2 protein chains.
Amino acid sequence: MVTIKDIAKHAGVSVATVSYVLNNTRYVSPQRRERVLQAVEELNYVPNAVARGLRARNTKTLGLVLSDITNPFFPDLAKGCEDAAQAAGFSLVMLNTNEQRERIINAVLQIREGKVDGLIIASAVKQDLGILQELVLEGYPIVLAHRRIQDLQVDSVVADNFQGVTSAVRYFISLGHTRIAMFTGVDETSVNMERKEGFIKAMTDAGLPIRQEWMCNTLGDYQLAYNASANLMRLPWEERPTAVVCMNDMVALGVMDAVEDRGYQVPADMAVIGFDDLFFAGTQRIQLTSVRIPRYEIGQQAARLIIDRIQRTKTMEPMEIVLPTQLVVRKTSGDGIYR
Amino acid sequence: MVTIKDIAKHAGVSVATVSYVLNNTRYVSPQRRERVLQAVEELNYVPNAVARGLRARNTKTLGLVLSDITNPFFPDLAKGCEDAAQAAGFSLVMLNTNEQRERIINAVLQIREGKVDGLIIASAVKQDLGILQELVLEGYPIVLAHRRIQDLQVDSVVADNFQGVTSAVRYFISLGHTRIAMFTGVDETSVNMERKEGFIKAMTDAGLPIRQEWMCNTLGDYQLAYNASANLMRLPWEERPTAVVCMNDMVALGVMDAVEDRGYQVPADMAVIGFDDLFFAGTQRIQLTSVRIPRYEIGQQAARLIIDRIQRTKTMEPMEIVLPTQLVVRKTSGDGIYR
DNA sequence: TTAGAAAATTTAAACGGTTAAATATTATCT
DNA sequence: AGATAATATTTAACCGTTTAAATTTTCTAA
């Protein structure tokens, strides 16, 4: 390994001079500068980031904590993070928690060890409050992405779930639906709460009743959604909803499959709107109407925010960025209610 | 920040003693050991990984170079890497190249800077040979995953594409097909070459002709596949293939959509087999027959291999791990040819 | 009791950079 | 020319660990 000393020796100058040339941090006479640059070239020298990091007390690395990169929601968010990080000269380490406690503790360790300068947390659940609170108190830079946590004073970047679900409900109402169900997701997440509450508000605002038996908890899972939907379809028409807002696109797919497997049609017998607008929603044979979440932008902004926070010396109030959602209308929401 | 010095002072011992206790690398008397542990506890001390890394000349970090985490092929592979890395106490940094030259150069820089101890490269193309060759020559640990490069003497973990495509072709033949097309992918990749050559070999072995107009290059893209497929369907029946092997599941989807949009049926008018077995292939409304690639395992083995390589002092011959594929039969391949 | 060996602990030199402070060099002014 | 100021360069401390070597302490046996 070639070090700064080798360069200094080879160029006949001190290590300080080499450092100054490389970082452009002091004037160095053209002759010496040239000799240094030449030595760097000849020996193919690259400064060691670890040594640099030790001195500078940073690593130019961010940690992205998510539950599971295999969940198709996350890759876009991760990419947004990475692109923003890259643009600022940071790298991104991926920390899958698999929703395991042990794994989130490991993630937190990374910042305490100084392996990363900050943490972007996209998998926050209520139970993490304690751990994270502690981290924040100790002054470590943290930003919540996608999911936030009540009572945690920290930067966050989330989608406007309230607006998203409202637009879905209003769209159904505009088509004449009055019996609208909601298939909810994982209870402990802010995302679920916001969408659920938004649904209730939008329905109430429109003077429509909330039927408890139409509020199905699916944990965001395809199979559970399938089962719940199949049950719903067993009810007589008057007892069934005519439309359903789903927590995510997987759930929507479960609903659609169950409806059709029981011999009914989407959207005629059941209109469906999903959430997230995953790539398959747009495919020819699915054509799922879905509320688009700006996943890439969430990741991007989160990374920018935390980098800003890391580089800024002065502390500032935690800020919350809320990005708009968009209802992407396709076939599964139908043209209106009939029968 | 609390350092080892603080612990030493607090416990009334030298920093060496603290280090020995923490790393269990020398005998320390029980009394002192206890005092040290207590100080660690009280001050909530976590050793700094950067300092440790500088001394040890490693970072316990791996770099995963891929073209785009947003491509649904990669998350599983990435997860395999991360799980294996985690299990060995390593972290994983994600390096999306977006197929841009600049980005791959950045990835290579990471290892030269000492930010990562090794590179898992899942996006290798022929053009990278030079850069990678240099790296290998300099003794940096590298492993190719999924895609390999001709003439690069380095560890690799890939799927048995040859076997995969052969099983697809044989399956079609067993159903009575003789006119089989292939929709190929990105030319420069080993994966494409192997699948293409495998196809040709399997067809030739069965005494079936290869028709150039049925070898369509789609670059692995849905839209290009759609167009190519639509063109094929415009031909009279005798001029058309009755079955097609697709480079990946997105291509298969493009084919299916085009076939159906032109009023034909899959599999009756065109039987389809995809590659990769992405999650949507298994859904009710797609039911795509596909050659399953052990993506997670590829990532896992690749990470294990490189960690092994990093930790081993002796050099050893580069090894190649080839993992088996599996034809997952669903609806789109049909029950046999008819008309 | 004490020399010598063994065991426990500490000192100090790395690791590879950055940078404040000290020093050397050059320029400026009387 | 000599004093002073300005500029260029180097020295050395520091970042937080690990660990070989030096030192101190304890143990063993004559």
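Values below: every heavy atom of this structure, side chains too, minus hydrogens, waters and symmetry copies. Just so it is clear, the structure is predicted and the values come from calculations on it, not from any experiment. Below, chains carry the letters A, B, ... as their sequence lines are ordered, and counting in each starts from 1.
For the pair A:N24 CG and D:dA8 P, the interatomic distance rounds to 14 Å; values are reported in whole Å. Following rounding to the nearest Å, A:I4 (CD1) and C:dG17 (C1') show an atom-to-atom distance of 6 Å. If you measure from atom CG of B:L22 to atom C1' of D:dT19, you get 15 Å, rounded to the nearest angstrom. Between the CG atom of A:D6 and the P atom of C:dC15 there is a distance of 11 Å, given to the nearest Å. Distance, B:N23 CG to D:dG16 P: 17 Å, rounded to whole Å. Per the geometry, CD1 belonging to A:I7 stands 12 Å off P belonging to C:dT18, to the nearest Å. For B:N58 and C:dG16, the CG to P distance is 12 Å, given to the nearest whole Å. Spacing between atom NZ of B:K9 and atom P of D:dG16 amounts to 12 Å, rounded to whole angstrom units.
Contact annotation for A:R26: base contact, defined as any heavy-atom pair under 4.0 Å involving a base atom.
Between A:S19 and the phosphate of C:dT18, there is a side-chain N or O to OP1/OP2 separation shorter than 4.0 Å. Regarding contacts with the backbone of D:dG16, a side-chain N or O of A:R57 is found under 4.0 angstrom from either OP1 or OP2. Within the 4.0 Å cut-off from OP1 or OP2 of D:dT11, not a single side-chain nitrogen or oxygen of A:S14 is found. Of the side-chain N and O atoms in B:R52, one or more sit less than 4.0 angstrom from OP1 or OP2 of D:dT18. Listed pair A:S29 / D:dT9 meets the phosphate criterion, a side-chain N or O lying under 4.0 Å from OP1 or OP2. A sub-4.0 Å separation between OP1 or OP2 of C:dA8 and a side-chain N or O of B:R32 is absent. Between B:N48 and D:dC15, a side-chain N or O to OP1/OP2 separation shorter than 4.0 Å is absent.
Here the side chains of A:R147 and A:I121 are not in contact, with every heavy-atom distance at 4.5 Å or above. Taking 4.5 Å as the limit, every side-chain heavy atom of A:I306 sits out of range of all side-chain heavy atoms of A:D155.
Residues B:L66 and B:A122 share a closest heavy-atom pair of CB-CB, 4.4 Å. Here the shortest heavy-atom pairing between A:V28 and A:Y20 reads CG2-CB, 4.0 Å.
Side chain of B:M1, nearest nucleotide from D:dA12, D:dG16, C:dG16: D:dG16. Picking from D:dT10, D:dT19, D:dG16 the nucleotide with the shortest atom distance to the side chain of B:A16 gives D:dT19.
Of the residues near DNA chain C, B:A51 and B:Y27, the one whose nearest nucleotide (by heavy atom distance) lies more toward the 5' end is B:Y27. Take the nearest nucleotide of DNA chain C for A:R55 and for A:K5: the residue whose nucleotide is more 5' is A:K5. Judged by closest nucleotide on DNA chain D, B:V50 is the one of B:V50 and B:T25 placed further toward the 5' end.
For the pair B:R295 and B:F73, the cation sits on the ring face: its NZ or CZ lies under 6.0 Å from the ring centre, inside 45° of the axis.
Judged by distance alone with a 3.5 Å cut-off, a donor-acceptor contact links the side chain of B:Y20 to the base of D:dA20.
Between the side chains of A:R33 and A:N24, at least one donor N or O sits under 3.5 Å from an acceptor N or O.
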